[in-house]
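The block underneath contains the structure these notes are about, expressed in structure tokens.
Lettering of chains follows the sequences in order, A, B, ..., and the numbering in each one begins at 1. No hydrogens, no waters, no symmetry mates; every other heavy atom, side chains included, goes into these values.
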Amino acid sequence: MNEFLTLMKSELVLTGIIFLLLFIKIGKGMKNESLLSLIQLLLLLNFIFSFFFNKEGNLFGDMFYTTPLIAFQKSILNLGVYLISLLCSDWLKKTQHLPEFFLLMLSALLGMFLMISSGNLLIFYLSLELATIPVAAMANFDLERKRSSEGAMKMILSSAFSSGILLFGISLIYGSTGSISLPAISQLLNGSPLQILAFVFVFTAFAFKLSIVPFHLWTADVYEGSPIAVTSFLSVISKGAVAFIFITVLYKVFTPMLEIWYWMIVILAIATMVIGNLFALRQQNIKRFLAFSSIAQVGFILVGISNADYLGIASVVYFVLIYVFSNLAAFGVAAVIAEKTGKENIDDYKGLYKTNPFLTWIMALALFSLAGIPPTAGFFGKLFLLTAGGARAEYWFILVAALNMIISLYYYLRVVRAMFMDKNDNPVEPVKTAPVVKMALIICGGGIVLVGLLSWIFEYIKTLQY
Amino acid sequence: MTIEPGLYHLLFISTALFFIGVYGFFTRRNLITMLMSIELILNSVNLNFIAFDKYLWPGKMDGLFFTVFIIAIAAAEAAVAIAIIINLYRSHQSIDVENAEDLKY
Amino acid sequence: MPNATIIALIPLLPLAGFLLLGLFGRKYLKTSSGIIGTALLLTSTILALYTAYEYFFVYGKVNGIYQQLTPLKITWLEFSKGVSIDMGLMIDPISVMMLVVVTLVSLMVHIYSIGYMKGEERFSTYYAFLGLFTFSMLGLVLSTNIFQIYIFWELVGVSSFLLIGYYYNKPSAVAASKKAFIVTRFADLGFLIGILILSYCSGTLDFATLIQRLTSPESNEFKTAVTYSFLGASALTWGAALVFIGGAGKSAMFPLHIWLPDAMEGPTPVSALIHAATMVVAGVYLVARLFPVFAITTPAVLEIIGWVGAISAIIAAVIACTQTDIKRVLAYSTMSQIGYMMFALGVAKYGAEPALGYTASMFHLFTHAMFKALLFLGAGAVIHYVHSNEMNDMGGLRKYMPITHITFLIACLAIAGVPPFAGFFSKEEILLAAYQDNMAIYWIALITSGITAFYMFRLYFTIFWNKPHHAHGEKHGEGGFVMMLPLVILGIGAAAAGFIPFGEFVSSDGRPLESHFHLQFSILPVALGLAGILLAMWLYYKQNDKPAKLASSLGGLYKAAYHKFYIDEIYLFVTKKILFNLVGRPAAWFDRNVVDGFINLTGNTTQAVSEGIKKVQSGKVQQYAIYFLGGVIVLAVLFIYIWK
Amino acid sequence: MNLLLLIGAPLLTALAVLLSRNKQQVKWISLAGSAVQLALAFALLFAFRQERAAGNNAQMLFEQHYKLFESLNINFHFGVDGISVAMILLTSFVVIAGVLVSWNVEKMTKEFYFLLLLLGLGAYGFFISLDLFILFFFLEISVIPKYLLIGIWGSGKKEYSANKLALMLMGGSALILVGMLGLYFTTGYSFDIMTLSKANIPAATQNLLFPLLFVGFGVFTALFPLHTWVPDGHSSAPTAGSMFLAGISMKLGGYGCLRVATYLLPEGAKEYANIIIVLSAIAILYGAFATMMQKDLKYINAYSSVSHVGFSLLGIGMLTQTAITGALMQMVSHGVMTALFFAVIGMVYDRTHTRMVAEMGGLMKMMPFIATVFFIVGLCSLGLPGFSGFVAEMTVFMGSWQNDDAFHRIATIAAAMSIVVTAVYILRATGKTMMGPVVNAEHLQLGDAKWNEKLAAIILVAGIVAIGIAPGWLNDLLKPAAEEIMNRIAGK
Amino acid sequence: MMSGSTILFYLLAALTLGCGILSVSTRQIFRAAIYLLFSLIGIAGIYFWLQYEFIAAVQIVVYAGGIAVLIIFSIFLTQQAGEKLPKQKIGRKIFSALAVFCAFALTMVQVYQHEFSKIITDAAPATVRNIGEKMLSTEQGGYALPFEVISMLLLAAMVGCIVIALRSKPETK
């Protein structure tokens, strides 16, 4: 019992919070502001708590397992959710369904936790759905906006389709190996064509969730349609979680198919980077822009994943950590501006520096980090991904990735240019940022600068037991 | 292939059903019918699991449980999807998927 | 033994003047600049004379041979072992002779300029530049190292540039200064490559070592050097020829002479100093410095030198006859005389009697410095008085400027080779040397000497006679004492320098060379000279229309000569039409449109592709699903069937 | 001497600038900070010479090791040899001059100085790094400040230029990155230059990686035909920006080409030497000819930079000790010289508000000081003895000539021909702008340089002259280091 | 010779597939729903035929009783019961059919080529008791955790549906 409490503590705490919210909702007892503060506090405590009592072990047979690295991954996700709760507080305060929103978001987070910890295809599938269905509902949270519904519709239908394919793949794997337990499967795989086919089916489901080209098409539409809080959750938290489990599945389960998935990842990484970048070039809406940029970032993550070694894991986890800060900072600024002025286009950001220097600097830092420019952490993150990806001495692959960084720099600089250089007769008026939001932005900014320079963070990730 | 129905027959049915569903998903312009296609897809998977459970790994019951849970998930998914579709219908006055394309490029 | 400090001070004092006046002259020393500069140079001159005395009469001669001494040598920049640029002082007959010439003429110009340049706004700058020039020139003559000479060579060039462009707001002066610099720079390119070749062949940059290695056929360097060849000539030949190109450029040899006449845009004393007496003979000096290499190792190049000198001499003389700007006449005369010096070297051999040309060349250099500086300073006085360079504006000035008149006449006689003036002796020696070696050159030289006498006296008569006395209003037109003193001193020099037994001191191998005078040999040149003078007198003594008639009767030749044989135009064509329009413009265009265009094209292509594929993101969820299934099929087929 | 001071000083200055309250404070803090940097650079020079004089013949002096990413074997490894010392000295000169000439930047002063100092920081860090990763880090650090400096404070098509510069430099970095990782993996996970220099890298790998690294760094140093960011970038940048770009940034590339590409991959260098020579000879001549046709002073200097920097690449391609020494000298010389040139152009522009040669004339009359400096830098540019350019170019020529086949000779002669073309364009520019009659009557009211401009100019002129008059000290610094590099190339 | 059970199997298969095809091809939305229902019942029949009564029961309860009704209700809600569905573009149809057929062929080929490790024709049916015990077991092979997860999922889905559906009266708070 004690083991149950410690090993599943992240999930249990989350469930606790979810039920608390449910009771509050039923009791109708709190105003939005105070409820939000309470939630933020709870999430902070949850984040802090996630660093303690981390042990390694299995539960429910082999359905659930956890390791220090998994615990750390959960901490990253906790942090991300906490930051989102801070950054989007302007929007959250106004929303009619605050407890429901968090209930859904935390359910999804719970799903992700379980997914990362899953040792079994069934639990994996269920938690994947748990991490998806509530988010689709969340995507529709701007109830009055048609685009919000449209995005949600696209998300739920596409993900249902992709989970259909995933399930078919799982069924074939089950058929050919006779097991749905991940450790067992890795023993039983023999690389027969049917298994390859099944693997492709399973792989595409991951690809869909991670928005790998050509399974990415839903991403931009959903991101643009959803409220920014949901977009940032989708692009940061759910991407991160899927990346973590993706690595685990590839490295631990499909080890016999290493050659196949290596090349698959190489091909898809290139396609993802190129397509993501090319689409991002033209975007006007900041959310859509960040959507394509995050697709391109996933391409880089794939470069790291291709490593199939511990370095790959460490670099991906590290990158996701940095990505949490960078992307959330960008979304945070976008959220503040969108909430106060309703402006979401890059052209609206022209001359932003004149009126909102703080927001501009944070945005610029975030974009530089996404572009991988030192001294921001993104530089280190990207470099380690490429380092990991280069281990097989396929230099052309690294070269393609590195060249893609140029394109990405171009469009990130487009925003920077709009903010700093372009003249605008009608710039965004000075926005008063709430202290909480400011704090969150500063945390993000600090993270962007420090995570790279404080090398022990990476070293710590590398020491964590996998 | 024997005339006696066996695993391969079931797999044929399930795969066919799967791709019938996929075809429906691709071609039906009504969101609700697309959802129906999804149901076909999920059912075909269920059939797969049961078939494998029956013919290959009868003692384990993994496939059986998988099926049970998929049915539950299908219900939940359908519920949320229908809620979203209805919401979309309210603002769109249409559930033709071709009309829901404000978000693009 | 030579005192290194004293010798080093000779160039360094003018440098100090440059720095002092350049940095503080404008503000603090505006009026006293002339005095300061002159005082410093006077010291230098005294030191130079002292050094010359000491060298020639006290320590220079060992066993009857004048030694090459290097009292000071500092490694300035070491490239690799044994190959380094050294800064040093080299004392040998020609460098000491040049020290005297340079300091003396420079001193004269300094003194003269106090009067001539009085009241100029950039008076101190002028003296600063003079100091820089003197320093560079002295450094050049004292060089121990071929790279050192190149360094000072360039510095001399830039000083010349600065002084020609002294009147910086006059477009013609600016153009002339640029032209001078660029043309000599072009020649210096040859010099530089020549240095590279020679230094590579010899494995050193040091003059003494270089000459020693390249003239002794048994040295290893020599043996390897002759094995290299390029376009049929040995590397050494190429090197020597290229070095000569450098010399030819600075000495305004045909066809690199075009800058010299234009350089007369500078103040007249500057022309006297740089473009008559000192800098322009640097080319001669350079050839003399490397004479053993030319004479022993690459006689073919020496022959070229002879021909280039001879052609330059006659062409310049012919052009000089037609020019009307007095300074241009003098400029072409300078070119012609340097041609003499050049071919004198060209017809010489190394060592003993056959090396007469060498001694003669140096001798002529010496005497020419005196009388040509005198001519320029005299012309300067005239210009100062008339405020014009044009001969037509002058005439009958002998009453107004008697001292100028007399000294100018002496100089004219000297250059015309009338005994017993200085030019006679040096020119006779040159003609003799040519006669002994190359008859063709001898005849060219002979004719040139006649033409020389003609145009010099054309000048003389036009300025001082020709028109009636009362053409000019003012009574007394000569500058003050400071302007007359140099004229007188140089006049004495021009008259008497010929009596110096030059062969005693300067010869190709350091051994004294007997000077012979062959009276019967001298008759022809002197007679030709006198004929030229008489012709000039006949034409220009009084104002008349004979010159115009003569000019029209000569027709095309006159016109060609008047237009300097259209060489400038050829250059203009090459630079403007070919370099600018056919190379520069296309290069600039290519860069902006092709190279940069390519870079931009990659950017634009990316944008275009991005625009082209946007339809994929159609907003239709069913299409997304089709792509999804397509991806699945492609991946599956790829990895099931193809990849293995 | 603790090398961290060299990074610490600019970092602290930059932070102090960020915290300062008004423009005056910003300026004075920056000036003080850059003066400290200059002092430190000199201290380093003396300390270095002292160590060497004391017989310390280690290749790198003042080495420092700090672990950074231990598991990836990435360390802060610092150390200097003569090359680094010279480059650091150059940087400190340019930084202080850049700070001085920017004195009247009124728009976002604080940000301007902050970025300027950041740029300097990148350069210092780059030159002392002995770990490729850290080197790359510092190299990259300077890209964005450049972008912002041009984009915000620039003129003309500034956004276009800034973008082009940032993207092309990023492209260069991309190549470097790949080459660097290649080295990392082939040598058993090390980024350390000292370790890599002892590693035995197969020739095939070297031939693969060398072009990546060389071209990558080449982009930074305007390797033909990847130089097109230079004219646009330089001409659009604010004065100090151009100074930094041409004076420091381009040197980062040259240093990288030598220290990383050539030194670590000698076989690759030999393999590609001829291509490098051809490209740099083309750049030298072609740049010179292209310069001849420019009408804008900044374009003139930018194109002439392409030409001049070609000499340093030529020197590297020649692969002789003297040529490499010359290449390094050219880097230092060109750095100071071109910074000065841009500074002067900036001064002229501040007064006349035009950079078009045709719109100026006779400026010497109104601004004798500026005109004199213009002359000096022009003369330096055309390689007049007494100034640094001469020394460097001659060393390159001498070194190039040591290769005794026709190919190298012809390349050398071609390169040498540029000195004539250089004279043509420099004299044209000077003749037109400084000399001649005054073209625009309004210019008659213009004043001469102010104290800050004078000081900046004097500092840089001092640099040029110090090398030009007494090149020995620089030679002493660079030659042993070049020898070290040659030893590796020769396989000793 | 075909036994009765074989014939039954083929009938069920035909029902399932036939109704499935009709369900995705008819242009009457209401009929499509009915065909879907029959197809699902056909599958339930196959489950029965395979002696998986529990699953068959669940299938009928959840699908026929739940999802199909839900779908029919939503059809009514969107007021389209009588209308004909809009026509899909013929190009899309052909292309989809082609893609789907390729994928189907590919999959079938792989399935038929695969040697499944062992084929047991008759297996012991899973009794409801077994299922129930396993469902709540936390030991190896127990399904308590998925059970909990799905309960969370259903809760979340329910909340989500409620929120989205609540839109009609936005001024509740």
Side-chain angles (χ1 to χ4, degrees), chain B residues 3-13 15-17 19-24 26-30 32-33 35-37 39-40 43 46-47 50-51 54-56 58-61 64-65 67-69 71-80 82-87 89-90 95-96 98, chain E residues 2 6 9 13 16-17 20-21 23-24 29 32-33 36 39-40 43 46-47 50 52 55 58-59 62 66-67 70-71 74-75 77-78 85-86 88 92-93 96-97 100 103-104 107-108 111-112 116-121 123-124 126 130-131 134 143 146 150 153-154 157 160-161 164-165 167:
Chain B
I3 292 194
E4 184 70 13
L7 177 64
Y8 289 104
H9 294 77
L10 283 168
L11 287 181
F12 178 83
I13 297 173
T15 314
L17 199 58
F19 285 106
I20 290 168
V22 170
Y23 174 77
F26 288 175
T27 53
R28 308 308 306 247
R29 284 179 60 178
N30 187 301
I32 293 174
T33 44
L35 197 64
M36 285 151 62
S37 309
E39 299 303 335
L40 282 181
N43 270 287
N46 285 348
L47 198 53
I50 293 296
K54 166 93 181 171
Y55 288 106
L56 299 180
K60 288 190 166 174
M61 292 170 72
L64 187 144
F65 275 101
T67 307
V68 171
F69 287 115
I71 292 174
I73 295 243
E77 205 161 36
V80 174
I82 284 175
I84 291 170
I85 289 168
I86 288 175
N87 198 24
Y89 175 73
R90 283 180 186 152
I95 50 170
D96 188 341
E98 298 284 307
Chain E
M2 276 199 252
T6 312
F9 173 79
T16 311
L17 290 180
I21 290 172
S23 162
V24 298
I29 186 167
L36 173 69
S39 182
L40 298 182
I43 289 174
I46 294 176
Y47 293 154
L50 289 167
Y52 277 67
I55 299 293
V58 170
Q59 171 85 357
V62 175
I67 297 176
L70 193 65
I71 286 174
S74 63
I75 290 171
L77 266 175
T78 53
L85 287 170
Q88 181 57 268
R92 163 82 61 82
K93 273 186 173 174
S96 310
V100 164
F104 174 67
T107 316
M108 282 322 292
V111 167
Y112 281 124
F116 288 102
S117 50
K118 55 172 184 172
I119 297 190
I120 304 161
T121 38
N130 281 346
I131 295 171
K134 275 211 149 185
Y143 286 85
I150 201 99
L153 175 59
L154 289 172
C161 290
I164 296 168
R167 180 203 162 177

Smallest separation among heavy atoms of [X] and [Y], with atom names:
X        : Y       : result
E:Val111 : B:Tyr8  : O-CE2, 3.5 Å
B:Gly21  : B:Ser37 : O-CB, 3.2 Å
B:Glu39  : B:Ala74 : OE1-CB, 3.8 Å

So what's closer than 4.5 Å to chain E heavy atoms on [X]: side chain, backbone, both or neither?
X       : value
B:Glu77 : neither
B:Thr27 : both
B:Ile82 : side chain
B:Phe65 : side chain

May I ask you to name which of [options] has the most heavy-atom pairs under 4.5 Å with chain B?
options                              : result
E:Gly160, E:Ser96, E:Ala157          : E:Ser96
E:Thr107, E:Ile55, E:Leu153, E:Leu40 : E:Ile55
E:Thr16, E:Ile43, E:Val58            : E:Ile43

Name the member of [options] that forms the most heavy-atom pairs with chain E at distances under 4.5 Å.
options                            : answer
B:Asn46, B:Thr15, B:Ile84, B:Leu11 : B:Thr15
B:Leu35, B:Thr67, B:Val80          : B:Val80
B:Val68, B:Ile85, B:Ile71, B:Val22 : B:Ile71

Residues, nucleotides or ligands: over 12 heavy atoms within 6.0 Å of B:Phe12 CZ: no

From CD1 (B:Ile50) to CG (B:Leu64), nearest 0.5 Å: 5.0 Å

Interatomic distance, B:Ile13 atom CD1 to B:Asn43 atom CG [nearest 0.5 angstrom]: 13.0 Å

Proximity breakdown for [X] and chain B, heavy-atom pairs closer than 4.5 Å:
X        : answer
E:Ile67  : side chain
E:Ser74  : both
E:Ile46  : side chain
E:Leu70  : both
E:Ile150 : side chain

Side-chain donor/acceptor of B:Thr33 to backbone N/O of B:Arg29, under 3.5 Å: no

B:Asn87 side chain to B:Ala83 backbone, donor-acceptor under 3.5 Å: no

B:His9 and E:Phe9 aromatic ring geometry - parallel, tilted or perpendicular at 30°/60° bounds: perpendicular

Check against side-chain contact (heavy atoms from CB on, under 4.5 Å), E:Ser39 and B:Leu17: CA-CA 9 Å; E:Ser39 182; B:Leu17 199 58; 4.1 Å; yes

